[in-house]
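On a predicted model such as this, the values are computed, not experimentally measured, just so you know. In what follows, chains carry the letters A, B, and so on, assigned in the order in which the sequence lines appear, proteins first and then strands, with residues in each chain numbered from 1. What's counted below: heavy atoms across the whole structure, side chains too, no hydrogens, waters or symmetry copies.
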There are 2 protein chains.
Amino acid sequence: MDLRRLRYFVTVAEELHFGRAARRLNISQPPLSQQIRKLEDEVGAQLFVRMGRQVTLSDAGEAFLGRAYLVIREYEAAMEAARQAEKGATGTLEIAYIPPADLHALPLLVSKFQKAFPSVNVVLRSMHGLSIPHAIQSGRVKVGVVRLPLEYPGLETLSVVRERLSVVVPESHGFARRRQVKFSELAGQRLIGFPRSLAPAYYDVIAGLCKSHGGFVYAPSQEVETIQTALSLVSAGLGVSIQPRSIEALCRKGLRPAPISDSPACAAIGVAYPVGARQAVLDNFLSIARSIAR
Amino acid sequence: MDLRRLRYFVTVAEELHFGRAARRLNISQPPLSQQIRKLEDEVGAQLFVRMGRQVTLSDAGEAFLGRAYLVIREYEAAMEAARQAEKGATGTLEIAYIPPADLHALPLLVSKFQKAFPSVNVVLRSMHGLSIPHAIQSGRVKVGVVRLPLEYPGLETLSVVRERLSVVVPESHGFARRRQVKFSELAGQRLIGFPRSLAPAYYDVIAGLCKSHGGFVYAPSQEVETIQTALSLVSAGLGVSIQPRSIEALCRKGLRPAPISDSPACAAIGVAYPVGARQAVLDNFLSIARSIAR
DNA sequence: CTCCGTGATATGAAAAACGTATCGATGGAC
DNA sequence: GTCCATCGATACGTTTTTCATATCACGGAG
């Protein structure tokens, strides 16, 4: 399908001379005449007026010519659009992300990506961390921004930002004026945390640190699903909460974050994507993610 | 050129299943796979993702699909436009006309034609009667509105309106209050007329009537090219002028038209067109002209 | 009238598209 | 795990389409 007849027609219409047109098209004249005749049959109208040795566009041909140019241009634009999409320079990138990602990781990723690929349409979908893997594998989104580590068959991950931990306490708390605290000091505190099912691996990292560095069993006395709720409960004096250090930006009046000095950079957020996905938009997004991770 | 591959692609994209698509297209499955592959080669991008038994549109295919619909629609619109143009329902009709035609004949023709064929673009070109035949045969205009009779090789004519004659006199003239005059009374009057070369046959008709009915030789003492000039000269008292009866509409203050009672309907205006022209717009225009001529 | 240029026609060769048969891979049933 | 059904890809021979060479038919110029 190469729009051959249309190109033949356009050339003849431009030359108004079958011989010259045939030379321009690198074919001989008889097949050109045949193809024009077939085109006329298909269209159902006589496109040229052959009077003697004079060839003219008929009214129908005149009307057809302008449209023919449009068809050819549209077709070439379609091919070009497909090539651009294959290079990942255009198209749509659906990103599923967990709410806490919009503090740091998500704005970083999206702004840098959009600067590099301004023609890509980015669609952001806030989702529960649990449903993101399935959304990726079903193709509803191309990539997820999730809490790491994440183990899921068929998915690979790439760490983007890693943070150490802080403990958020109310203003009246003993830690409120401390420059830093240690895990061991958290023993006995009422802890406000998230259900393990929300991010099992991340939960286990925190629990492991409490055990190894603090010597106590991580057992939140309140389980909440969002950071905002956790902070509200802290503010109300129901306990303290272990959070990534970037939580400071969210600490409104009455809340104080205290860095945990012996915390490794364990609160990681990264991207998750299908193994062996051959999608250029995704590849481009991943290279942006890698450049941020350094 | 039937956009075959494009239609194949669209069908597969709609079905996302080569077998079903092949059945819908009334071909077998292998050639369909081949054509899709060739299309992918030509476009330069993989349009479908074949993973196992699952067929999906790739990003490139997604981008291509929308444009492909446009191409197909544009192409069909082009064919339809050509057919419409061939039927004469659309296109352009260039009309050359002599200035006196815009009194009666031209508005009649154009308004009725445009009512019947509103999509045709009518272009009106005022020209000297002498240059109209050449304009028609060279194709610069499709039809002419001219003074009849007209003899010209390669042209046919069709009478549209026929009028009897009046003589236009100044208010102070002796004929000014007459209900009608006869050719014989025009003998001895100073006559204002047009050069014979402007419309030889029409000139000869008038001259013949003067001779046969009036018994004198038609010999204008002033020759002018336009009706307006003739009327101005009459108004200035330089003479009287023989004109078609519809001249009454142009008689401003100081001018009086007097019908010539023994004039036949000899001032004819009609359309001139190439013999054997097979142009539908022209045919449509001619049938309108015939319906006006009754 | 003859000759040259032009588009249409005839015919055989090359290329493209198609159909039948078959392979290979994948997913589900047992 | 094995078997079976499904689906797309491949192989190959046939049909259709397209092309090139040769030739014809027509019209205008000398």
In terms of the nearest nucleotide of DNA chain D, which residue is placed more toward the 5' end: B:Gln34 or B:Arg20?
-> B:Arg20
State whether A:Arg37 and A:Glu40 are salt-bridged, where the test is any N-O pair (Lys NZ or Arg NE/NH1/NH2 against Asp/Glu carboxylate O) under 4.0 Å.
-> no
Where is the tightest heavy-atom contact between B:Thr92 and B:Val123, given as atom of each residue plus distance?
-> CG2-CG2, 3.9 Å
Have a look at A:Ser28 and say if it touches a base, only the backbone sugar-phosphate, or nothing, with a 4.0 Å heavy-atom cut-off.
-> base
Between A:Ser33 and C:dG7, does any side-chain N or O lie under 4.0 Å from OP1 or OP2?
-> no
Between B:Glu40 (CD) and D:dG8 (P), how many Å, whole number?
-> 13 Å
Nucleotide nearest B:Gln35 when distance is taken to its side chain, options C:dA8, C:dG19, C:dA17 | C:dA17
When rounded to whole Å, the CE to C1' distance for the pair B:Met51 and C:dG27 reads 12 Å
Of all the choices, C:dA8, D:dA9, C:dA16, which nucleotide is nearest to the side chain of B:Lys38 once you look at every atom?
-> C:dA16
With a 4.0 Å cut-off on heavy atoms, is B:Tyr8 in touch with a base, just the backbone sugar-phosphate, or nothing at all?
-> sugar-phosphate
Can you check side chain to side chain contact (heavy atoms under 4.5 Å, CB included) on B:Arg125 and B:Val141, steps first, answer last?
-> CA-CA 8 Å; B:Arg125 297 212 182 118; B:Val141 301; 3.9 Å; yes
Starting from P on C:dT9, measure out to CD1 on A:Ile36 and report it in whole angstrom.
-> 14 Å
Checking all strands, does B:Gln29 fall into the base, sugar-phosphate, or nothing category for heavy-atom contacts under 4.0 angstrom?
-> base
Just by distance, with hydrogens left out, do B:Ser33 and B:Gln29 show a side-chain donor and acceptor under 3.5 Å apart?
-> yes
Gap between atoms CZ and P, on B:Arg50 and C:dC23 respectively (whole Å) = 22 Å
In whole angstrom, what separates A:Phe48's CZ from C:dA8's P?
-> 10 Å
OP1 or OP2 of C:dA17 less than 4.0 angstrom from a side-chain nitrogen or oxygen of B:Arg5, does that happen here?
-> yes
Would you check, one step at a time, whether the test side chain to side chain contact (heavy atoms under 4.5 Å, CB included) holds for A:Tyr97 with A:Ile132?
-> CA-CA 7 Å; A:Tyr97 67 98; A:Ile132 288 183; 5.5 Å; no
Within the structure, does a side-chain N or O atom of B:His17 lie under 4.0 Å from either OP1 or OP2 of D:dT6?
-> no
Winner on side-chain proximity to A:Phe18, out of D:dT10, C:dT9, C:dG7, is C:dG7
Taking the side chain of A:Pro31 as heavy atoms from C-beta outward, which of C:dG7, D:dA20, D:dT10 is closest to it?
-> D:dA20
A:Arg4 CZ to D:dT18 C1', straight-line distance once rounded to whole Å | 7 Å
Roughly, in whole Å, what's the span from CD in B:Gln46 to C1' in D:dA9?
-> 13 Å
Nearest-nucleotide pick for B:Arg53, side chain only, options being D:dT18, C:dA8, C:dG27 | C:dG27
Let me know the distance between CG of A:Leu32 and C1' of C:dT6, rounded to the nearest Å.
-> 13 Å
